There are 2 protein chains.
Amino acid sequence: MADTLTQTQKALLTLRQRVLSGAISGGTRLYEVALAEELAISRTPIRAALSRLAEEGLLERGRGGGFVVRSFALADVVDTIDLRGVLEGTAARYAAERGISLEQLERSRATLREIDRVLATQDIDMEAYSTLNTAFHLQLALMSQSATLQRELARITALPFASPSAFLEDHDRREALQRTLAVAQAQHIAILDAIAGREAGRAEALAREHARAARRNVEFLLSDEGVQREGVPSLALVRD
Amino acid sequence: MADTLTQTQKALLTLRQRVLSGAISGGTRLYEVALAEELAISRTPIRAALSRLAEEGLLERGRGGGFVVRSFALADVVDTIDLRGVLEGTAARYAAERGISLEQLERSRATLREIDRVLATQDIDMEAYSTLNTAFHLQLALMSQSATLQRELARITALPFASPSAFLEDHDRREALQRTLAVAQAQHIAILDAIAGREAGRAEALAREHARAARRNVEFLLSDEGVQREGVPSLALVRD
DNA sequence: GCCCACCTAAATGTATACACATGATGATAT
DNA sequence: ATATCATCATGTGTATACATTTAGGTGGGC
């Protein structure tokens with residue numbers, strides 16, 4: 001059967017979920033034997049899963065073997081979001097410098113039109129926005145025409161707090177959210193416009209600034225005025 | 001005994017060397033059983049080694065399991081070097097924005113003075129230069145005060161052709177080499193000067209341009225006028 | 001009282017037998 | 001002649017027994 005999950009895949013899904021949800025806190029060492037017993041899976045697939053989680057950047061290899069859950073301070077979160085901005089800025093610059101096909105341009109414009117449609121409604125469908133937003137950022141990576149850049153962006157973006165659509169779920173105040181999304185969409189449009197107009201420097205600067213909004217969001221959430229961090233899935237693995 | 005290599009380490013060293021040297025060409029699939037027989041090591045440590053090489057970016061996981069040696073086209077090489085420039089540019093900018101300690105500044109200045117000394121001799125000690133050059137680039141990463149950035153720079157730099165000291169071994173013409181190194185050293189000095197003077201934009205631009213020199217070097221080596229690629233270790237895993 | 005060596009428990013490292021998935025091959029029926 | 005299905009070869013997936021390493025505690029000697 002093709003839909004049967006291997007033991008490695010089961011372990012991978014379970015452990016990834018546990019780490020991302022914060023069920024296992026940063027710095028915790030993961031012992032193969034303990035996990036094997038608990039998940040009723042032998043050590044071999046557990047090791048394979050741990051190894052892949054290390055590839056994803058969720059675990060670190062400890063000295064003398066073993067794996068430890070990676071621990072992220074606020075500074076790490078901010079730096080990682082900024083780094084996404086730098087990489088997306090580079091992607092935008094490449095897209096502008098190298099030029100993109102009419103098909104690519106039209107596809108991205110269509111995505112932005114759909115986002116406009118979602119934002120026009122009174123009660124915004126956040127899941128739809130999130131999907132479309134992620135799609136636009138993915139298209140931006142593709143427009144760079146650099147496999148290297150796509151790869152590194154995918155790596156960074158795999159961290160939940162560095163994803164382009166992080167921190168969208170938890171806005172308690174509707175009007176603040178609508179304003180934020182309107183600004184973000186204006187930046188999307190400007191980035192694509194700069195790329196279409198071959199304005200490389202402008203495209204890069206805009207994409208950097210776009211990520212900066214996410215950074216402000218985090219800083220607000222983790223400030224005293226922010227909501228409880230408990231309710232924010234993207235921040236589950238961030239330590240105090 | 002502490003100096004005894006585990007089987008995994010043996011396999012890792014052997015396989016890494018084979019991939020880096022080009023003994024196994026890009027796109028080749030690596031079979032566990034074959035490697036296990038050949039290296040007289042059981043499959044378990046072989047798998048562990050392959051997994052770590054995938055983490056290092058030298059192998060890719062194939063569909064349906066298995067590992068394949070990653071294949072780099074010229075475009076990938078150029079993009080990766082450029083990416084190093086972008087990341088080092090960001091490191092330089094952070095260093096300038098955030099400020100560095102006097103100890104850090106003096107340490108880097110000392111490194112640059114040593115490079116000056118090496119370059120002043122008639123017959124340049126390339127190994128000494130390479131070591132010092134690598135040290136300076138490492139210090140630049142540290143000055144960023146961003147663990148995230150340090151991590152990503154280390155990842156990129158692990159690829160032989162993206163290392164700051166790549167392509168130093170194979171210059172046939174001495175005077176061209178001396179000119180290249182003099183320019184590079186001038187850039188080093190300017191970058192550190194910009195950081196010390198808190199000139200963030202200048203620091204970033206200079207670090208980017210510094211990587212561009214490596215890019216020009218590759219493009220020359222792979223052009224018709226360049227030497228045979230065979231003699232260039234850094235390019236062993238680059239495909240035609 | 002302190003330090004060093006040894007011991008032990010608990011962890012990872014290793015080998016290997018077997019299970020399972022997949023794709024190639026060839027025989028057979030239509 | 002071709003399509004289909006059984007069979008087999010070859011790969012990874014999994015479990016498990018055993019080896020090895022190492023950290024920590026405990027004892028003895030100085």
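A, B, ... follow the sequence lines: proteins, then strands. Residue 1 opens every chain. Computed over heavy atoms, backbone and side chain alike; hydrogens, waters and symmetry mates excluded. The structure displayed is predicted, hence computed values, not measured ones.
Ion pairing between a basic and an acidic side chain is recognised when a charged N comes within 4.0 Å of a carboxylate O; A/Asp82 and A/Arg216 show no such pairing. Between A/Glu219 and A/Arg215, at least one side-chain N (NZ, or NE/NH1/NH2) sits under 4.0 Å from a carboxylate O, which counts as a salt bridge.
Listed for the B/Ser130 side chain is no donor-acceptor partner under 3.5 Å among the backbone atoms of B/Met126.
The distance between atom CG of A/Leu50 and atom C1' of C/dG13, rounded to the nearest whole Å, is 15 Å.
Sorted by first then second residue, the salt bridge (Lys or Arg N to Asp or Glu O under 4.0 Å) pairs that include residues 21-33 of chain A, not counting sequence neighbours, are A/Glu32-A/Arg43, A/Glu32-A/Arg47.
Applying the ring-ring contact (aromatic ring centres under 6.0 Å, His included) rule to A/Phe136 yields the partners A/His188; only residues at least two apart in sequence or on another chain are considered.
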> What does nucleotides 9-16 of chain D look like as a protein-contact string, B for base, S for sugar-phosphate only, - for none, at under 4.0 angstrom between heavy atoms?
Replying inline: --SBBBBB
